[in-house]
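Written out below as structure tokens is the structure these notes cover.
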Amino acid sequence: MPTRLTTYFLRTLREDPSDAEVTSHRLLVRAGYIRRQAPGVFAWLPIGLRVKEKIERIIREEMTNAGAHEVHFPALLPREPYEATGRWTEYGDGLFRLQDRKGADYLLAPTHEEVFTLLVKDLYNSYKDLPLSIYQIQDKYRDEARPRAGLLRGREFTMKDAYSFDYTDAGLDASYQAQRDAYERIFTRLGLEYVIVKADAGAMGGSKSEEFLHPTVVGEDTFVRSAGGYAANVEAYVTEVPDALPIDGLPAAVVLDSPNTPTIATLVDLANAEYPRPDGRAWTAADTLKNVVLALTHLDGTRELVAIGLPGDREVDMKRIEVAFAPAEAEQATEADFAKNPALVKGYIGPWSPLGAVLGEESASGIRFLLDPRVVDGTEWITGANLDQKHVFGLVAGRDFTADGTIEAAEVRAGDPAPDGSGPVELARGMEIGHVFQLGRKYADVLGLKVLDENGKLVTVTMGSYGIGVTRILAIIAEGNNDDKGLVWPAAVSPFDVYVLATGKDPAAFSAAEQVCAAIEATGRSVLYDDRPKVSPGVKFGDAELIGIPKIVIAGRGVAEGVVELWDRVTGERTPVAITEVADALG
RNA sequence: CGGGGCGUAGCUCAGCUUGGUAGAGCGCCCGGUUUGGGACCGGGAGGUCGCAGGUUCGAAUCCUGUCGCCCCGACCA
């Protein structure tokens with residue numbers, strides 16, 4: 001039996017909801033797929049659920065193909081496992097916490113690594129039980145500081161999360177690869193363009209991590225890619241290190257007056273006006289060494305100042321900084337920080353002064369000093385002399401100053417070289433739709449998941465975790481498949497296979513429509529049938545377009561001649577077809 | 001957390017400047033006409049004007065406070 005609009009729980013809105021900005025949010029609400037319950041929390045209406053289930057079915061099939069077994073954990077979990085791994089506190093305000101009537105702490109799980117690990121620990125203790133991959137499709141909860149864009153960043157969202165358990169590194173590699181392959185099949189079946197980028201493995205002790213990004217302007221992640229195939233999240237981009245230059249024969253550094261030059265731009269202008277280069281080339285920002293002072297707050301609450309030196313033509317990328325210093329938090333040093341460190345002359349900070357080294361753990365300030373990898377030995381710089389209104393010219397790295405290490409802190413720019421030599425990179429925006437991650441032994445270590453190996457020795461299990469944002473994918477598909485009339489679902493995820501509508505007041509149109517529904521369903525297709533009487537054709541056509549089922553059949557004025565129309569939602573084309581041949585004509 | 005905007009009917013919004021019985025369109029219900037691009041006529045249901053306090057004879061409107069929501073940014077395996 002077809003699903004009839006007269007009895008279905010579906011209400012379309014004539015106007016756009018006022019609180020929806022992005023296309024997917026606007027259309028999914030207007031077409032009756034979802035309703036907002038609270039910021040970042042949505043109810044699923046029947047037609048929306050069908051799309052969600054279509055996506056989940058594809059994921060389940062490919063998880064099965066990858067040898068993973070489905071389980072289901074509660075979303076509501078006790079505090080203890082998360083306390084053990086430190087995530088109860090590390091997750092900070094992002095965690096939904098609650099208490100039961102006795103005052104015991106619970107949380108709504110943001111991900112389930114802990115309980116998956118403990119489940120396996122409970123039941124397995126031999127290498128013979130491994131490898132194992134298990135997964136669930138579950139709602140996750142994160143108290144986002146700012147939920148936005150409807151389903152794209154919600155506080156409750158559905159995720160497929162899989163976890164693999166191996167006792168050898170090679171086994172982990174194989175499990176990881178199996179999930180990675182499954183992801184490629186899933187996204188291909190969903191018709192979703194994706195780019196696999198190297199991702200930051202983060203502070204959680206992971207070793208290898210890749211993100212599946214869908215290129216889209218609404219994306220929140222910036223990634224880089226080269227024509228030669230390199231792709232990386234901007235946080236994971238690794239700077240190509242130039243060869244060191246010879247130091248012998250370079251002239252000594254000189255301290256020169258540079259009044260009123262607190263910024264790189266003013267410094268370059270003054271240098272060109274007052275101290276032109278002997279070779280006639282103009283000074284540029286790239287000739288200057290910018291020293292940025294940051295304040296780190298470590299997990300234990302201690303505050304540490306760190307100085308970062310980078311070419312003056314590059315900005316500091318705070319996202320890359322965060323990754324570099326995680327789990328510590330980084331921010332710009334405050335006036336109070338400078339006040340406590342009189343060795344730093346703001347606007348004229350540099351690694352060196354005529355009195356000796358200023359930056360570095362062994363220096364006058366004792367402040368840790370990290371350099372951009374481009375600042376190799378033998379490079380010459382204009383930089384602050386730590387004297388008010390003075391800069392030093394020709395300061396040579398490796399001769400006049402050294403650092404405590406290097407750091408990936410500078411912004412990545414289009415045209416920068418890919419680290420694998422595959423050419424210059426371009427920058428693009430993407431939305432993370434999947435993430436595969438070798439966790440290694442971090443969780444197993446902390447939670448004590450060990451098995452006996454072939455030699456009867458206890459070995460710690462090594463794990464992977466693999467996530468796909470189900471509801472986010474749904475929104476992304478909606479985002480990329482619509483026109484000014486409404487949604488246009490790809491057949492693979494369309495809530496119904498065919499939309500049948502009858503127009504006019506002639507009962508013959510409705511009986512023809514019923515006949516068409518039956519014929520289509522006989523071929524195994526699902527049908528949504530607009531059987532509403534007394535609704536004008538314009539409304540019916542408009543709803544059909546808004547709802548976005550790709551194949552539409554119109555039973556109307558042709559039925560007397562035994563003809564209905566096949567309406568292609570994608571192309572807009574309408575083709576007359578004999579009623580008896582509709583099912584075949586759908587292909 | 002910073003910046004901006006908004007809370008009035010199921011939805012989209014007007015009314016607030018200048019205080020005086022709460023409005024429109026759409027949707028919904030009843031009757032009738034209409035039926036290939038969001039038709040029309042007549043009748044009707046539906047609102048603590050976010051909340052609290054204040055000013056006033058009288059507050060959706062003015063004042064104070066508060067809560068919530070949306071957008072941008074910060075933040076976000």
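Residue numbers begin at 1 in each chain, while the letters A, B, ... track the order of the sequences.
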Identify the nucleotide, in any strand shown, that forms a Watson-Crick or G-U wobble pair with C69(B), with both distances under 3.5 Å; if there is none, say none. G5(B)
Report the base-pairing partner of A52(B) (Watson-Crick or G-U wobble, both distances below 3.5 angstrom), or none. U64(B)
If I take atom CZ in residue R320(A) and atom P in nucleotide C75(B), what distance separates them, rounded to the nearest angstrom? 15 Å
Distance, rounded to the nearest Å, where F541(A) contributes CZ and U35(B) contributes P: 15 Å
Side chain of M159(A) only, heavy atoms from C-beta on: which candidate in A77(B), U35(B), C76(B) is closest? A77(B)
Checking contacts here: which listed nucleotide (U35(B), G38(B), C11(B)) is nearest the side-chain heavy atoms of V539(A)? G38(B)
Taking D543(A) first and then R532(A), would you say they form a salt bridge - that is, a charged N and a carboxylate O separated by under 4.0 Å? yes
For T111(A), report the nucleic acid contact type (base, sugar-phosphate, nothing); a contact means any heavy atom under 4.0 Å. base
Strictly by Watson-Crick or wobble contacts shorter than 3.5 Å, is anything paired with A24(B), and which nucleotide is it? U12(B)
Please give, in whole Å, the distance from U12(B) C1' to L13(A) CG? 10 Å
Classify the ring geometry between W489(A) and Y33(A) as parallel (under 30°), tilted (30 to 60°) or perpendicular (over 60°). tilted
Can you check the R30(A) CZ to G38(B) P distance for me, whole Å? 15 Å
Which value, in whole Å, describes the distance between the P atoms of nucleotides A74(B) and G2(B)? 15 Å
Would one find a side-chain N or O of R36(A) under 4.0 angstrom from OP1 or OP2 of C70(B)? yes
Is R569(A) salt-bridged to E545(A), cutoff N-O under 4.0 Å? no
At under 4.0 Å between heavy atoms, what does E432(A) touch on the DNA or RNA strands: base, sugar-phosphate, or nothing? base
For the P atoms, the ones on G73(B) and on C28(B), what distance do you get once it is rounded to whole angstrom? 38 Å
Atom CZ of F42(A) and atom C1' of C70(B): how far apart are they, to the nearest Å? 12 Å
Contact class for G94(A) (heavy atom, under 4.0 Å): base, sugar-phosphate, or nothing? nothing
With the side chain of R11(A) defined as its heavy atoms from C-beta on, choose the nearest nucleotide among U35(B), C28(B), G25(B). C28(B)
Can you tell me how far P of G68(B) sits from CD of Q37(A), to the nearest Å? 18 Å
Would you call D161(A) and K140(A) a salt bridge, taking side-chain N to carboxylate O under 4.0 Å as the test? yes
Let's see if you can work this out: which of G36(B), U34(B), C26(B) has an atom nearest to the side-chain heavy atoms of R14(A)? C26(B)
With rounding to whole Å, what would you report as the distance between G68(B) and G50(B) at their C1' atoms? 7 Å
Closest to the side chain of I554(A), out of G36(B), C70(B), A77(B), is G36(B)
RNA chain B: 5'-proximal contact among A38(A) and V535(A) (nearest heavy atom): V535(A)
Do you see a donor-acceptor pair shorter than 3.5 Å between the side chains of D169(A) and Q438(A)? no
Under the 3.5 Å rule, do the base of G38(B) and the side chain of E545(A) count as making a donor-acceptor pair? no
Hey, is K290(A) close enough to E315(A) for a salt bridge, meaning N to O under 4.0 Å? yes
Carboxylate-amine/guanidinium proximity below 4.0 Å for K160(A) and E62(A): no
Tell me whether the side-chain N or O atoms of E15(A) pair up with the base of G27(B) as donor and acceptor below 3.5 Å, since no angle test is needed here. no
Using atom CG of D16(A) as one end and atom P of G25(B) as the other, report the distance to the nearest whole Å. 21 Å
What distance, rounded to whole Å, do you find between the two C1' atoms, one in C57(B) and one in C51(B)? 25 Å
Now, which nucleotide makes the Watson-Crick or G-U wobble pair with C40(B), with each of the two distances under 3.5 Å? G32(B)
Can you see if the side chain of S536(A) gets near the phosphate of A39(B) - specifically, an N or O under 4.0 Å from OP1 or OP2? yes
Spacing of D506(A) atom CG relative to G36(B) atom P, expressed in whole Å: 12 Å
So, is R557(A) near the phosphate of G36(B), with a side-chain N or O under 4.0 Å from OP1 or OP2? no
R153(A), nearest nucleotide to its side chain (from U35(B), C76(B), C70(B)): C76(B)
Give me the distance, rounded to whole Å, that separates U8(B) from G3(B) when you measure between the C1' atoms they each carry. 27 Å
Earlier contact from the 5' end, RNA chain B, for H25(A) and K485(A): K485(A)
Any idea which of G36(B), A77(B), C11(B) is nearest the R35(A) side chain? C11(B)
Without hydrogens or angle criteria, can the side chains of E210(A) and H435(A) be said to hold a donor-acceptor pair below 3.5 Å? no
Assigned partner base of U18(B), Watson-Crick or wobble definition, under 3.5 Å: none
Minimum-distance nucleotide (side-chain atoms of D543(A) versus G36(B), C11(B), G38(B)): G38(B)
I'd like the P distance from C75(B) over to U64(B), given in whole Å. 34 Å
